Amino acid sequence: MIVVAIAMFAGSVGSAVDEMVIGKFLGQREISASGIVLPVIGIFSVIATIFGNGMQLILSEVIARGDKKRTSEVFTTSLLSVLVITAVAAAFLFAESPAICRALGMTGRYEGLAPLGIAYCRGYAIGIPFFSAAISVNQSLQLDGDRTLGLWAVLISTAVNITGDILCATVLHTGLFGLALVTSISNIVMFAVILCHYRPGRINLLMFVPSNFRIRDVGTLIARGIPNAILIASGMVRGIVMNKTLLHVSDDIHVAAVSVMSSVNILQASLLSGFFAAVSMISGVVAGEDDKRGLASVMRNCMKIGAGLSVFLVLFIVIFADMLPHIFINDEQVTAITALALRITVLSVPFQIMSGVICGMYQGLKYTKLSSVEYIVRDILMPSVCFIAFGLSFGAVGMFAGMTVAYAISLAFIILYPLIRMRKTSLQLPYKLMLLKDSDITYSSYEGSAGTLEEVSALSEGARQYCL
C-alpha cells in the first residue's frame with residue numbers, strides 16, 4: 001500500500017503544483033479554466049491505465065510460466081496499442097479543444113474562459129503519448145526486476161514539472177499554455193527515465209519487438225484492465241458533472257474552489273489508491289491458493305485498516321480544512337468555499353473505504369463483470385445523479401453533501417446484493433460478502449525424508465511431480 005501510495009502521491013504532485021502556481025501567480029479565472037478542462041484531459045490517460053493494468057495482470061501469469069516469447073508479445077501489443085491510440089487522442093484534443101471547451105460550458109457569460117481552456121488543453125496534448133507509454137510500462141517494471149526505477153521516474157518528472165512551473169510563472173510569464181507545456185516536457189522526461197530499464201548489460205523480459213504485435217491480444221488486455229480504468233475514469237466523470245452543474249447553479253468561483261479541493265485531496269486520493277491496490281493484489285494471491293479462510297481474514301483485516309485510515313483522513317481534513325486551501329490560492333472567497341467543501345465531502349471517505357474493500361476483493365477474486373458494474377454505480381452513476389439532484393435543489397452546498405449521500409447509498413447496494421443472493425446460506429458475513437459458497441477447504445500434503453544425496457534427488461523429483 002505504501003509503495004503504491006508514494007508513487008501515486010508523487011505523480012499527483014505535478015498537477016497540484018500546477019494548480020498552486022496558477023492560483024498564486026495567475027488568478028481565479030485561470031484556475032477555474034484549468035479545473036474545468038482537467039477532467040477531460042485525465043480521461044485520455046485512462047487509456048494507458050486500461051492497457052497498463054491489463055498488461056500487468058497477464059504478464060504476471062505469463063512470466064510465472066517462463067514464456068519469454070509470449071511475454072514479448074503481450075508487452076509489445078500493449079505498448080504499441082497505447083502509443084497509437086493516445087497519439088490519435090492527443091491530436092484530437094489539440095485540434096478540437098475549442099469545441100471541447102464549449103461543450104464543458106465555456107459559453108455565454110463564461111466565454112472568456114475558453115481561450116484559457118484551449119491553451120491548457122493544447123499544452124497538455126503534446127505530452128499525452130509519452131505520459132501514457134511511461135505509465136503503461138511503469139506498472140510492469142517490478143515484474144522485470146526493476147523495483148525502484150518507476151518511482152524514480154515519477155519523482156524526477158515531478159521535480160522537472162515543479163521547477164518549470166515556477167520559472168514559467170515568475171520569469172517567463174507564459175500563462176496556462178506554458179504551464180501545461182512544462183507538464184508535457186516532464187512527461188517526456190519520465191518516459192526517458194523509464195527507458196533506462198533497457199540500459200546496456202541488463203537482461204530484460206519486457207522486450208519491445210514490433211513483429212510480436214498480436215491484434216488478438218488487444219481485446220484481452222482491454223477486458224482485464226477495464227475495472228481499474230473505471231475506478232480512475234470515474235473521478236474525471238464526476239469532475240465534469242460537478243463542474244457543469246456548478247456553472248449552472250452557481251458560478252466559476254465555486255468551480256475554482258472544487259479545483260483547489262482536488263489538489264488538497266491528493267494525499268487522500270493517494271492513500272486510497274494504494275490501499276485499494278493492496279486489497280486487490282493480496283486477495284488475488286490468497287484466492288489463487290483457494291484459501292477461503294484466508295480471504296475472510298484478509299477482509300476483516302482490511303476493514304480494520306480501512307477504519308483507521310478513515311479516522312485519520314476525516315480528522316486531518318476537519319482540523320486543517322481552513323489552512324490547506326491557502327497553499328494553492330490567496331483568494332479568500334475561494335479558500336472559504338474550499339474549506340466548507342472539504343469538511344462536507346470528507347464524510348464520504350468511510351463509505352468509500354468500506355465499499356472499496358469489497359469491490360477490491362471482487363477484483364482479486366476475478367469477479368470482473370460484478371466489480372465493473374459496482375464501480376460504475378458507486379463512482380459514476382450514483383454521484384452524478386446526486387450531484388445534479390442535490391445541486392438543483394440545494395445549490396453548491398447540496399452538491400457537496402450529495403457526494404456523501406451517493407457513497408452511502410452505493411455501500412448499501414454493494415452490501416445488500418451479496419446478502420440477498422446468499423440469503424439461503426448459513427455462512428459468516430465475510431463469506432457471504434465475497435459470494436463464497438462454503439468456508440471449508442481441504443488441504444493435502446506431500447511428505448518425505450532424505451538421508452543421502454540420492455534420496456534428496458528422489459525427494460525433489462517426487463515433490464515436483466506432486467506439485468504438477
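It should be emphasised that the depicted structure is a prediction, and the values quoted were computed from it without experimental measurement.
Put simply, OG1 on Thr71 and CD on Glu73 are 9.0 Å apart, with the number rounded to the nearest 0.5 Å. With values rounded to the nearest 0.5 angstrom, Phe191 atom CZ is found 10.0 Å from Ile188 atom CD1. Distance check, rounded to the nearest 0.5 Å: CD1 of Ile376 to OG of Ser384 gives 11.5 Å. Rounding to the nearest 0.5 Å places CD1 of Ile128 at 11.0 Å from OG1 of Thr183. Remark: Met242 CE to Phe387 CZ distance equals 3.5 Å, nearest 0.5 Å. Distance check, rounded to the nearest 0.5 Å: CD1 of Ile380 to CZ of Arg238 gives 8.5 Å.
Between the Ser72 side chain and the Lys68 main chain, no donor and acceptor come within less than 3.5 Å of each other. Without hydrogens or angle criteria, Ser283 side chain to Val279 main chain gives a donor-acceptor distance under 3.5 Å. At distances below 3.5 Å, not a single donor-acceptor pair connects side-chain atoms of Ser132 with backbone N or O atoms of Thr86. Here the side chain of Thr338 pairs no donor or acceptor atom with the backbone of Met261 at under 3.5 angstrom. Judged by distance alone, the side chain of Ser371 and the main-chain N or O of Gln363 form no donor-acceptor pair under 3.5 Å. Remark: the backbone N or O of Val209 is paired with a side-chain donor or acceptor of Thr76 at under 3.5 angstrom. At distances below 3.5 Å, not a single donor-acceptor pair connects side-chain atoms of Asn161 with backbone N or O atoms of Ser157.
Across all non-hydrogen atoms, the minimal contact from Pro39 to Ile240 is CB-CG1, 3.6 Å. Thr220 approaches Arg216 most closely through the heavy-atom pair OG1-O, 4.0 Å. Closest of all the heavy-atom pairs between Leu176 and Tyr120 is O-CD1, 3.5 Å. The two residues Ile41 and Cys121 come nearest to each other via the heavy atoms CD1-CA, 4.2 Å. Considering every non-hydrogen atom in both Ala256 and Ile31, the closest pair reads CB-CG2, 3.4 Å. Ser32 and Asp252 get closest at one heavy-atom pair: OG-O, 2.8 Å.
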Without placing hydrogens or testing angles, list every side-chain donor-acceptor pair under 3.5 Å for residues 298-308, not counting sequence neighbours.
unit_1, atom_1, unit_2, atom_2, d
Arg300, NH2, Gln428, OE1, 2.8
Asn301, ND2, Ser297, O, 3.0
Asn301, ND2, Ser297, OG, 3.3

Only distances under 3.5 Å count here; give the side-chain donor-acceptor pairs of residues 88-98 to other protein atoms, sequence neighbours excluded, each with its distance to 0.1 Å.
unit_1, atom_1, unit_2, atom_2, d
Ser97, OG, Phe94, O, 3.3
Ser97, OG, Arg122, NE, 3.2

Listed pairs under 3.5 Å, donor-acceptor, residues 342-356 side chains, sequence neighbours left out:
unit_1, atom_1, unit_2, atom_2, d
Arg343, NE, Val318, O, 3.3
Arg343, NH1, Asp322, OD1, 3.3
Arg343, NH2, Val318, O, 3.2
Arg343, NH2, Asp322, OD2, 3.0
Thr345, OG1, Ala341, O, 2.7
Ser348, OG, Thr345, O, 2.7
Ser348, OG, Gln352, NE2, 3.0
Ser355, OG, Phe351, O, 2.8
Ser355, OG, Gln352, O, 3.1
Ser355, OG, Arg378, NH1, 2.9

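For the pair Leu141 and Asp144, the minimum side-chain heavy-atom distance is 4.5 Å or more. Using a 4.5 Å heavy-atom threshold, the side chains of Asp146 and Arg202 count as touching. Counting heavy atoms from C-beta on, the side chains of Thr174 and Leu181 never come closer than 4.5 Å. Using a 4.5 Å heavy-atom threshold, the side chains of Leu313 and Leu272 count as touching. Side-chain contact between Met190 and Asn187: present, with at least one pair of heavy atoms (C-beta onward) separated by less than 4.5 Å. Residues Leu79 and Phe51 form no side-chain contact, since every pair of their non-hydrogen atoms from C-beta on lies 4.5 Å or further apart. A heavy-atom distance below 4.5 Å is found between the side chains of Leu370 and Leu435. By the 4.5 Å heavy-atom criterion applied to side chains, Thr335 and Val260 are not counted as neighbours.
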>> Would Leu149 and Val193 count as a side chain to side chain contact (heavy atoms under 4.5 Å, CB included) here? Give the steps.
In response: CA-CA 8 Å; Leu149 180 62; Val193 175; 3.9 Å; yes
> Passes side chain to side chain contact (heavy atoms under 4.5 Å, CB included), Asn204 versus Met207? Steps please.
Replying inline: CA-CA 7 Å; Asn204 299 302; Met207 296 302 297; 3.8 Å; yes
>> Quick one, Val189 with Phe130, criterion side chain to side chain contact (heavy atoms under 4.5 Å, CB included). Give me CA distance, side-chain angles, the key distance, then yes/no.
In response: CA-CA 9 Å; Val189 170; Phe130 299 97; over 6 Å; no
>> Walk me through whether Ile118 and Phe177 qualify under side chain to side chain contact (heavy atoms under 4.5 Å, CB included).
In response: CA-CA 8 Å; Ile118 292 169; Phe177 178 79; over 6 Å; no
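For Tyr362, the ring-ring contact (aromatic ring centres under 6.0 Å, His included) criterion is met by Tyr367, not counting sequence neighbours. Legend: residues meeting ring-ring contact (aromatic ring centres under 6.0 Å, His included) with Phe312, ordered by chain and number and at least two apart, are Phe316. Listed by chain and residue number, Arg70 satisfy the salt bridge (charged side-chain N to carboxylate O under 4.0 Å, His left out) test with Asp217 (two or more places apart in sequence, or in another chain).
Counted by atom type alone, Ser34 and Glu30 present zero donor-acceptor pairs between their side chains at under 3.5 Å.
Between Lys24 and Asp331 no salt bridge is recorded (no basic side-chain N to carboxylate O distance below 4.0 Å).
Shown are Leu206, Asn212, Leu221, Asp67; of these, the side-chain contact (heavy atoms from CB on, under 4.5 Å) with Val74 is made only by Leu221.
Classification of the Phe208-Phe75 ring pair by plane angle, with boundaries at 30° and 60°, yields perpendicular.
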